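Quick caveat: nothing in here was measured; it's all calculated off a predicted structure.
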Amino acid sequence: MVQSMSMSTLATSRYCGVCGSTCLRRQFGRIKETAIGFRECQFVWNDRRKSLSFATHIDMLKPRNLRVQAGWLFKGGDQSSEASIERSENANEDILMFFFQLNLATRVQYALNVEQYEIAQQLREKLNEVETEVLKQQESRRGSASKSEAQDMAISILRLRADLQNAVQSENYDLAAKLRDEISKLEAESLTTSIRAQAYENAQYAFRLGQKVKHKNFGYRGVICGMDPICCESNSWMETAQVEKLTRGPDQPFYQVLVDVHTDPNLLVAYVPEESLVVPSEPDKDRFDHPYTSFLFFGMDAAGDFIPIKQLREKYNKPRHEVPYDPDNEKSGESS
């Protein structure tokens with residue numbers, strides 16, 4: 001299936017998610033033939049002669065096998081800008097997977113509304129598979145798996161110490177030496193894993209979902225759409241992004257940041273350390289353009305920040321942010 005739509009359509013077609021009811025009706029005849037599998041989805045956003053295209057190759061029968069390709073169709077700005085070192089395909093894939101969940105859930109509801117119960121059941125089963133896999137990934141990133149792994153390592157260390165004691169008592173010193181080295185290695189790994197799990201449990205963030213920020217070094221405007229208590233990128237990414245040169249290193253919160261396309265049209269999604277971000281000195285109520293804001297947020301609040309949808313807040317277990325009441329703003333509005 002290949003569908004295209006304008007940004008205004010994506011922003012206003014809330015009821016049917018992304019593709020709209022017309023697209024869904026066309027798809028009902030194909031669902032059984034394709035085992036409810038999208039082979040390709042393509043969305044094109046046009047604004048001021050600039051466009052974004054991303055394709056997701058998803059086999060819904062195999063939710064573990066996910067590949068997302070994203071990139072700008074236009075060539076604008078400086079392609080070799082220093083800000084590109086913080087571009088993150090992993091963060092982009094995470095956002096698109098979230099989008100895929102939303103879209104699939106909307107299709108389930110639509111099928112129920114038009115009384116296509118068999119199709120709704122099939123879609124629900126596939127949605128459950130995807131949600132289960134995403135939950136596992138989230139638990140792994142947030143330290144739940146790390147905590148369990150640390151406990152398993154502790155048990156293994158106790159067993160190895162018992163074997164070490166037996167080896168020493170039987171004067172098998174070669175075996176004792178090997179066991180001692182293995183214990184030392186496991187203790188180091190267990191410490192790292194425990195620190196990672198504790199970081200997720202005790203994480204404190206300086207920024208919140210939907211908040212507008214500015215990059216201290218590169219100057220671009222961005223919006224927070226995700227967060228991790230520590231850097232969860234690969235070693236190769238951290239090397240490219242020069243994370244080791246950061247004052248706080250990799251053990252600080254990192255944020256998924258949507259970058260305003262007019263500021264840097266080629267960056268799309270950045271993975272930014274907390275120390276590199278700052279809140280604008282004055283409320284930023286200027287226009288902010290990015291193709292992902294329409295499905296991640298409801299719109300902007302009175303302070304100019306974006307309001308995350310319920311599903312996004314639930315993903316990161318964050319409460320709804322209430323803008324403080326300012327009587328001066330109300331008075332100025334009445335006078336105007």
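When all heavy atoms of G222 and V257 are compared, the closest pair comes out as CA-CG1, 3.7 Å.
Other residues, nucleotides and ligands place no more than 12 heavy atoms under 6.0 Å from the CD atom of E282. Within 6.0 Å of NZ in K214 there are 12 or fewer heavy atoms belonging to other residues, nucleotides or ligands. When the shell of 6.0 Å around CD of E275 is examined, it contains more than 12 heavy atoms from other residues, nucleotides or ligands.
Remark: L277 CG to I224 CD1 distance equals 5.5 Å, nearest 0.5 Å. The distance from the SG atom of C225 to the CG atom of L209 is 8.0 Å, given to the nearest 0.5 Å. One finds the CG atom of D251 at 11.0 Å from the CG atom of L246 (value rounded to the nearest 0.5 Å). Q101 contributes atom CD, which lies 7.5 Å from atom NZ of K315 (distance to the nearest 0.5 angstrom). Taken to the nearest 0.5 Å, the OH atom of Y271 stands 10.5 Å off from the OH atom of Y255. The distance from the CD1 atom of I155 to the CG atom of L160 is 12.0 Å, given to the nearest 0.5 Å.
The shortest distance between side-chain heavy atoms of F295 and N103 does not fall below 4.5 Å.
Side-chain atoms of Q252 come within 3.5 Å of backbone N or O of G249 as a donor-acceptor pair.
Salt bridge R161/E187: present, at least one basic N to carboxylate O contact under 4.0 Å. Taking the charged nitrogens against the carboxylate oxygens, E129 and K126 do have a contact shorter than 4.0 Å, which makes a salt bridge.
Screening residues 163-181 for side chain to side chain donor-acceptor pair (under 3.5 Å) gives no qualifying pairs among residues at least two apart or on separate chains.
Defined by atom type and a distance below 3.5 Å, a donor-acceptor pair is missing between the side-chain atoms of E239 and N235. Side-chain polar atoms of S88 and Q256 form no donor-acceptor pair below 3.5 angstrom.
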Check: residues 299-312 side-chain donor-acceptor pairs under 3.5 Å, at least two apart:
residue	atom	partner	partner atom	Å
D301	OD1	A303	N	2.9
D301	OD1	G304	N	3.0
D301	OD1	D305	N	2.9
D305	OD1	K212	N	3.0
D305	OD2	R208	NH2	2.7

query: Between D264 and R87, does a salt bridge (charged side-chain N to carboxylate O under 4.0 Å, His left out) hold up when you go through it step by step?
result: CA-CA 11 Å; D264 192 329; R87 179 187 291 113; 5.9 Å; no

